[in-house]
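Take a look at the structure below.
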Protein chains: 2
Amino acid sequence: MRSYNQYCAVAKALDVVGDRWTLLVVRELLLQGPCRYTDLQRGLPGIATNLLSERLRELEDHGLVQREEAPPPVATTLYVLTPDGRELEPVLRALGRFGTRFIPSPTGDEAFRSHWLAFPVSEFLRDGDPEAPPATLEIHIGDQPAVIEVGRGEVSVRLGTVPAPDLVLEGDGPTVLGLLSGMLEATDARRRGLRAQGSTALLRRLEWS
Amino acid sequence: MRSYNQYCAVAKALDVVGDRWTLLVVRELLLQGPCRYTDLQRGLPGIATNLLSERLRELEDHGLVQREEAPPPVATTLYVLTPDGRELEPVLRALGRFGTRFIPSPTGDEAFRSHWLAFPVSEFLRDGDPEAPPATLEIHIGDQPAVIEVGRGEVSVRLGTVPAPDLVLEGDGPTVLGLLSGMLEATDARRRGLRAQGSTALLRRLEWS
DNA sequence: CGGCATCCTCTTTGATACTG
DNA sequence: CAGTATCAAAGAGGATGCCG
């Protein structure tokens, strides 16, 4: 990217991360941790491969990403955020908070990856009943299932499943997120194809701010 | 900008404000308040005029900027951030905080506008002696003088001058900011062309975090 | 002047194909 | 798997012209 050439920290930041795709590459590394090249491609549907390699090189040049040669049996290169790179998390969080207002457009043809849930869940969801025993909620939206764990006042997400979830939700992105955020009633969600199995009372425990 | 087409708030935010220059236009409106077209041009050295008008139209289309027809005698259009647009401030602050690490490169040929100081000053400077009487510090760097007011634990900046400042600093951007942030000693700053008039003890009252 | 629109050139992006 | 090479299309940058 051509530099803005301004003696201003915002402009300097944009000189470094203002290119198209750059911040989304960082999003992937923040959410997924160390990634192989193809992990990144899967998390960035639509990116051209030449751009991905170019962005990674630029991020490396700026000291935000490090390339690590994984030892056998993996024997591949892993991309990892440096401590400096991890300091982009507040930027990503601020962007996510701002961007939620543009989400509700229900076009439906958009790509979805389950790990993208991690930001909104940790930003907006609260455990409304910290005294109650921990509970788990399994979500099936797109590529992979994810688990939301709630208990002791904390809410967290991770990819994967759990042996005996208290509730399983299955549906498309807008519907599941609408239900989680309380913007959608259970009956409306069901009308939009949501399938729920287990204790839907768990939903009332989650508080969206 | 072409949409990333991802069901993710960060991607949505970047769909809206990820274009080149867009966030800097918002920076100007946040720092300067309502702006005429030419105010924006002055605050955005290097922008092509067609891009500025295009960005303003896009921001308007997304509901982040409003066009207001100022009544005579001004009789010009003013650009103002909407409440939604003002919610980009956390994004700009996060970017500024991240971008400071890329500032020290002292190339020297960069554009500078005094109002750009507002973010770093309000983010990083603290009044180290809240009990002491309020004091004022006038800064002459580039285009216009600015005033830093410190007192009662608060630090603020505004453009303009003050009748009897306790201290006047004159020099280039890196030097003055280096002095304010404590990264530069007074003698080093003087060697780099800084001219100070008044009570330099005031500098020790300012704390940089 | 303030507020753009147009034209032209140059750079960046996106899509696809190909390679060690 | 991890990229590089190629090329058409879109976007950015710069100059200039127009109009109230």
Side-chain angles (χ1 to χ4, degrees), chain A residues 1-6 11 14-25 28-29 32 34-62 65-80 109-111, chain B residues 1-6 11 14-25 28-29 32-61 65-80 109-111:
Chain A
M1 160 172 282
R2 210 189 143 108
S3 169
Y4 289 107
N5 227 3
Q6 298 182 357
L14 292 173
D15 281 347
V16 173
V17 298
D19 263 324
R20 191 163 167 77
W21 290 106
T22 302
L23 279 175
L24 293 185
V25 172
E28 288 307 305
L29 291 168
Q32 296 203 53
C35 281
R36 292 174 299 175
Y37 192 84
T38 36
D39 298 332
L40 290 169
Q41 279 188 309
R42 260 191 289 278
L44 296 165
I47 197 173
T49 176
N50 58 344
L51 276 194
L52 177 55
S53 73
E54 197 177 321
R55 293 296 175 263
L56 286 169
R57 206 173 328 110
E58 292 162 359
L59 285 167
E60 205 186 345
D61 291 346
H62 287 115
V65 161
Q66 249 188 343
R67 209 177 279 254
E68 283 183 7
E69 300 299 328
V74 192
T76 181
T77 66
L78 288 178
Y79 295 90
V80 194
D109 66 331
E110 291 164 315
Chain B
M1 161 172 282
R2 210 190 142 102
S3 168
Y4 289 109
N5 228 3
Q6 299 182 356
L14 291 173
D15 281 349
V16 173
V17 298
D19 262 326
R20 190 161 167 77
W21 289 108
T22 302
L23 279 175
L24 293 185
V25 172
E28 288 306 305
L29 291 168
Q32 294 202 54
C35 280
R36 292 173 300 177
Y37 192 85
T38 35
D39 298 331
L40 290 170
Q41 280 189 308
R42 260 190 289 278
L44 295 164
I47 197 172
T49 174
N50 57 344
L51 276 194
L52 177 54
S53 72
E54 198 177 320
R55 293 296 175 262
L56 285 169
R57 207 174 324 111
E58 292 162 359
L59 285 168
E60 206 186 345
D61 291 346
V65 160
Q66 248 188 344
R67 209 175 278 256
E68 284 183 7
E69 301 298 327
V74 190
T76 182
T77 67
L78 288 179
Y79 296 90
V80 194
D109 67 331
E110 291 164 314

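The chains referred to below are lettered A, B, ... by the order of the sequence lines, with proteins before strands, and numbering in each begins at 1.
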Qualifying residue, where the test is side-chain contact (heavy atoms from CB on, under 4.5 Å) with B:Tyr79 and the options are B:Gln66, B:Arg36, B:Arg67, B:Glu68: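 Single side-chain contact (heavy atoms from CB on, under 4.5 Å) partner of B:Tyr79 among B:Gln66, B:Arg36, B:Arg67, B:Glu68: B:Arg67.
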Side-chain heavy-atom pair B:Leu52, B:Trp21 within 4.5 angstrom cut-off: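 Result no, sub-4.5 Å side-chain heavy-atom pair not found.
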Take the protein atom [atom1] of [X] and the nucleotide atom [atom2] of [N], then report the distance between them rounded to whole Å.
X	N	atom1	atom2	answer
B:Met1	D:dA10	CE	C1'	12 Å
A:Asn5	D:dG14	CG	C1'	16 Å
A:Glu58	C:dT12	CD	P	10 Å
A:Leu52	C:dA15	CG	P	14 Å
A:Leu51	D:dA10	CG	C1'	13 Å
A:Asp19	C:dT12	CG	C1'	9 Å
B:Arg20	C:dT13	CZ	C1'	14 Å
B:Asn50	D:dA10	CG	P	17 Å

So which of residues 37-49 of chain A are in contact with DNA chain C, with a heavy-atom cut-off of under 4.0 Å?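 Listed by number, they are A:Gly46, A:Ala48, A:Thr49.
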Quick one: closest heavy-atom pair of [X] and [Y], and the distance?
X	Y	value
B:Gln32	B:Asp39	NE2-O, 3.7 Å
B:Asp15	B:Arg2	OD1-O, 4.1 Å
B:Val17	B:Leu23	O-CG, 3.6 Å
B:Thr22	B:Val16	CG2-O, 4.1 Å
B:Gly43	A:Gln6	O-NE2, 4.5 Å

Against the six-membered ring of B:Tyr37, is B:Arg42 placed for a cation-pi contact (under 6.0 Å from the centre, within 45° of the normal)?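 Judged by the rule, B:Arg42 and B:Tyr37 form no cation-pi pair.
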May I ask you to decide if B:Arg20's main-chain N or O and B:Arg55's side chain share a donor-acceptor pair within less than 3.5 Å?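 Looks like yes, one N/O pair under 3.5 Å.
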Check whether any side-chain N or O of B:Tyr4 sits under 3.5 Å from a backbone N or O of A:Leu24 as a donor-acceptor pair, and report yes or no.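 Judged by distance alone, no pair lies under 3.5 Å.
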Any side-chain N or O of [X] less than 4.0 Å from the OP1 or OP2 oxygen of [N]?
X	N	result
B:Arg2	C:dA15	yes
A:Trp21	C:dT12	no
B:Arg55	D:dA12	yes
A:Tyr79	D:dG3	yes
A:Arg57	D:dG3	no

N/O contacts under 3.5 Å, protein versus nucleotides 17-20 of chain D?
none

Nearest of D:dA12, C:dG3, D:dG13 to any side-chain atom of B:Thr77?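 So the nucleotide nearest the side chain must be C:dG3.
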Could you please name the option among D:dA12, C:dC4, D:dT4 that lies closest to any side-chain atom of B:Glu54?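 Shortest atom-to-atom distance from the side chain points to D:dA12.
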